[in-house]
Structures are given as structure tokens and as C-alpha cells.
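Working notes, structure below.
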Amino acid sequence: MPELPEVETSKNGIAPFTEGQRVKKMIIRNGALRWPVDDSLPERVTDQIITQVSRRAKYLLLHFSGGNLMIHLGMSGRLRVVNELQPADKHDHIDLVLANGKCLRFTDPRRFGSWVWSPSELAEKLLNKLGPEPLSSEFDGDYLYRQCKKRKAGIKQVIMDNQVVVGVGNIYATEALFLVGIRPTRAANRLSKAKAHELVSLIKDVLSKAIKQGGTTLKDFTQSDGKPGYFKQELLVYGRQGEECLICGQTIKSVRQGQRASAFCPKCQQ
DNA sequence: AAAGACACCTGGGAGC
DNA sequence: TGCTCCCAGGTGTCTT
């Protein structure tokens, strides 16, 4: 997925075309997503106005008077605003056709994404577990330090844990740990308070910067107008295993943690 | 309570 | 050209 900056970029891209618009029709071509898309959704949103578009964690929320549509992009999901007459492609699973002749189109080859109505039992279950937003003041050095003291797992797994802080995925966790000079495998409970403060500040920096650049385009992600995100050029270690460290020239290594690759520089990160 | 493995699914690239 | 295998932005669930 799309990590937090990509979701934020999608939100900013679609908001001007969707806020204040009435939904004319909802088309579900393939509802077999992370959770089966509720059959009653079209009935629920048809003729309703999208009052606001917001984000919570990696969920994009379309607000209606009676509740929200919670959209998650999973690993390969994408939202675009297209003309309603544009023919649907192979993985274009859901359309929200709007009164202004535009169409909010959801594309997701791997179908790990989701469209869930909130409030609902499922929505509460998903939302209740979520930790603070990474860019909020609640996520600060003292907080992360307290969370880390309880855990002996690798620091990278802790900052990627949604219960600790939301929105930090593999790319930005990897980058922030490089910037702070700590190996992803370092036991979280061995992080000093000073480093916890520094790490929080770098996570915020890297996420904010990525949002400004329109996110990171690897393969699937594009902004809602179809343009790529430009943060990829800024990546210092993610995906660079085998290449030279841009700071010291050492070969970037990669380890697997929780079935996920973690790239790091063996010299810059201890 | 926490950690680890596994699940969901398709497509792209590497290697043979 | 084609097959097989591994990998990929996430995260809920089940087992130790």
C-alpha cells in the first residue's frame, strides 16, 4: 500500500471532485476484497451527498449524513477520478458515479483493499485497535519510549505496529531507521529515551516530506490524477540492498523481519 | 501479553 | 518463449 503519505495524497487528489457531490450510482464489479463488500452499500450511498473526505490511519473516509464509507487501499489499491464514460479495466472493481459526471474508481489487482461501512461491527473492530496518528502531538518521544520498553521485538516491527502508531509502513519505517542510525533489528527495549525522541521526529519528517512530494511510486501507486509520486527519488535505503550506501559507501544489506524485508547500512546503523 | 507464522491475491522479474 | 519461484506498499487471525 500505499502507506500514509500515499493515502493522504489520494485524499487530497479526490476531495476537490467528490466533496459536496451526490452519488448517482455505485457499481461493484468484484466485491471479493479483504472483506466481502456489503451488498447493501449501493443502496446506502445512492443519492447521498459526500459531505467530506478525511483520513484515519490508512483508511480514507467518505462522509455521508448517515455514516462513512471506509476505504483501505491494501497493498495495490488505487483511487482515481475519471470520466464516468471511461471503460472499466480488468482490476477496476468499484465505481462511485457522481452527479458531476465524474467517477471515483477503485482499482486493486491484489484485492487486499476494503470498502467497509461505518458504523458497523466490522468497522469498530478495525478502528478500535488503532494507535495515535504519527503526525499528531500524541505521538511523541516519551510515548514511543514507553511503548518500546514493553517490547523486545525489533524496533522496526514496533514502529510498524498499528497499535503503537498508525501509518508507518515498510518504506518509511526503513527510511526513518536509516536516518536515525539504528538497525531495524535492534531490540525496542534497548532504545534510549534520546533516540526515541529523535526517531519520532524523523518519522514525522519523512512522512511530511513524502506527503509534500505526492507519495512514493514503486509500481502501482499514482496520484489520483494518474501522475506518479516523487518521493522515490528521496529513498536512501529502501529497496537498495546490494547497492552502496549513499553516506558511507558500504554495501546495503537486507534482513527479513516478520516476513518483510528490512534494508539497512551495516555501518551507518548500529 | 507478545511474537511469529500464515492467510488473503495478482503480477512482475529473475533464473533456467 | 515459457515455466517456476520469489517478491511486493498491509494487516487480521491463529498458534505458540
Side-chain angles (χ1 to χ4, degrees), chain A residues 1-10 29-37 55-60 70-79 89-93 106-116 120-131 134 146-176 184-189 203 206-207 210-211 213-223 228-232 234-235 237-242 254-263:
Chain A
M1 164 194 252
E3 296 189 31
L4 184 140
E6 290 72 38
V7 180
E8 187 70 19
T9 298
S10 299
R29 295 189 193 81
N30 186 351
L33 303 184
R34 180 69 153 89
W35 289 283
V37 178
R55 180 188 62 71
R56 166 68 177 123
K58 293 174 188 166
Y59 291 99
L60 221 145
M70 280 182 20
I71 302 172
H72 198 293
L73 302 178
M75 289 279 261
S76 58
R78 183 155 77 119
L79 279 172
D89 227 323
K90 188 173 177 188
H91 301 294
D92 294 344
H93 306 311
F106 177 72
T107 309
D108 187 5
R110 292 176 73 180
R111 287 188 276 115
F112 288 171
S114 58
W115 282 53
V116 172
S120 68
E121 208 173 306
L122 177 57
E124 304 324 310
K125 185 175 72 184
L126 300 175
L127 293 172
N128 283 343
K129 295 194 157 189
L130 299 178
R146 283 198 305 276
Q147 294 295 317
C148 283
K149 276 211 299 194
K150 302 188 274 192
R151 311 273 300 258
K152 65 178 209 294
I155 180 63
K156 176 159 174 277
Q157 284 156 295
V158 174
I159 60 175
M160 287 179 68
D161 181 344
N162 278 338
Q163 302 197 49
V164 173
V165 60
V166 300
V168 183
N170 207 24
I171 298 178
Y172 302 108
T174 300
E175 291 296 304
T185 47
R186 165 95 68 92
N189 58 11
I203 289 171
V206 85
L207 291 176
I211 291 169
Q213 311 244 6
T216 300
T217 294
L218 297 181
K219 283 184 254 172
D220 308 313
F221 180 74
T222 56
Q223 303 187 53
Y230 294 102
F231 196 73
K232 185 168 197 282
E234 312 271 335
L235 298 179
V237 271
Y238 179 86
R240 297 194 64 249
Q241 50 274 25
S254 181
V255 290
R256 282 195 86 75
Q257 290 179 281
Q259 352 277 94
R260 200 127 247 148
S262 299

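The chains referred to below are lettered A, B, ... by the order of the sequence lines, with proteins before strands, and numbering in each begins at 1. Bear in mind that the values here come from a model prediction, so they are computed numbers and not experimental data. Quick note: numbers below take in every heavy atom, side chains included, and nothing from hydrogens, waters or symmetry partners.
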Q: Starting from P on C:dG12, measure out to CD on A:Glu124 and report it in whole angstrom.
A: 14 Å

Q | Between C1' of C:dT13 and CD of A:Gln163, the distance in whole Å | A | 13 Å

**Q.** Nearest-angstrom distance from the residue atom CG of A:Leu73 to C1' of C:dA8
**A.** 16 Å

Q: For A:Asn162, report the nucleic acid contact type (base, sugar-phosphate, nothing); a contact means any heavy atom under 4.0 Å.
A: sugar-phosphate

Q) Going by heavy atoms in the side chains, are A:Lys156 and A:Thr174 under 4.5 Å from each other? A) yes

**Q.** Member of A:Thr9, A:Leu73, A:Leu79 meeting the side chain to side chain contact (heavy atoms under 4.5 Å, CB included) criterion with A:Pro2
**A.** A:Leu73

Q | Nucleotide forming a Watson-Crick or wobble pair with C:dG2, both distances under 3.5 Å | A | B:dC16

Q | Nucleotide B:dG11, atom C1' - distance to CG of A:Asp108 in whole Å | A | 12 Å

**Q.** Whole angstrom value for the distance that separates P of C:dG10 from CE of A:Met70
**A.** 17 Å

Q: Describe the nucleic acid contact of A:Gly169 in one word from base, sugar-phosphate, nothing, applying a heavy-atom distance below 4.0 Å.
A: sugar-phosphate

Q: Can you tell me the pairing partner of B:dG4 across any strand shown, Watson-Crick or G-U wobble, with both distances under 3.5 angstrom?
A: C:dC14

Q: Classify the nucleic acid contact of A:Arg34 as base, sugar-phosphate or nothing, counting any heavy atom under 4.0 Å across all strands shown.
A: base

Q: Would you mind telling me which residue lines up with the more 5' stretch of DNA chain B, A:His91 or A:Arg151, judged by nearest nucleotide?
A: A:Arg151

Q. Using a cut-off of less than 4.0 Å, is there contact between a side-chain N or O of A:Lys90 and OP1 or OP2 of B:dT10?
A. no

Q: Would you mind reading off the distance between A:Gln259 atom CD and B:dG4 atom P, rounded to a whole angstrom?
A: 10 Å

Q. When you check the phosphate oxygens OP1 and OP2 of C:dG9, does a side-chain N or O of A:Lys58 lie under 4.0 Å from one of them?
A. no

Q. So what does A:Ala261 touch, heavy atoms closer than 4.0 Å: a base, only the sugar-phosphate, or nothing?
A. sugar-phosphate

Q) With centres under 5.5 Å and planes under 30°, do A:Phe112 and B:dC8 count as stacked? A) yes

Q: Look at the side chain of A:Lys152 and decide which nucleotide, out of C:dG9, C:dA8, B:dA3, has an atom nearest to it.
A: B:dA3

Q.
What is the distance, to the nearest angstrom, from the CD1 atom on A:Ile155 to the C1' atom on B:dA2?
A. 15 Å

Q: Carefully, step by step, assess A:Gln157 and A:Arg151 under the rule side chain to side chain contact (heavy atoms under 4.5 Å, CB included).
A: CA-CA 10 Å; A:Gln157 284 156 295; A:Arg151 311 273 300 258; 5.5 Å; no

Q. Are the side chains of A:Ile159 and A:Ile203 in touch, meaning some heavy atoms are under 4.5 Å apart?
A. yes

Q: Side chain of A:Ala153 only, please: which of C:dA8, B:dA3, C:dG9 is the nearest?
A: B:dA3

Q. Choosing from B:dT10, C:dG10, B:dC6, which nucleotide comes nearest the side chain of A:Arg111?
A. B:dT10

Q | Closest heavy-atom pair and its distance - A:Lys152, A:Asn189 | A | CB-ND2, 3.5 Å

Q.
Within the 4.5 Å heavy-atom criterion, are A:Tyr172 and A:Leu4 side-chain neighbours or not?
A. no

Q | Euclidean distance, atom CE of residue A:Met75 to atom C1' of C:dT11 [Å, nearest integer] | A | 10 Å

Q) According to a strict under-4.0 Å criterion, is A:Lys125 in side-chain N/O contact with OP1 or OP2 of C:dG12? A) no

Q. When you check the phosphate oxygens OP1 and OP2 of C:dG9, does a side-chain N or O of A:Arg260 lie under 4.0 Å from one of them?
A. yes

Q: Ignoring backbone atoms, establish whether A:His72 has a side-chain N or O less than 4.0 Å from OP1 or OP2 of C:dT11.
A: yes

Q: Please evaluate the base of B:dC9 for a donor-acceptor partner in the side chain of A:Arg110 within a cut-off of under 3.5 Å?
A: yes

Q. What nucleotide among C:dG9, B:dA5, C:dG12 has an atom nearest to a side-chain atom of A:Thr216?
A. C:dG9

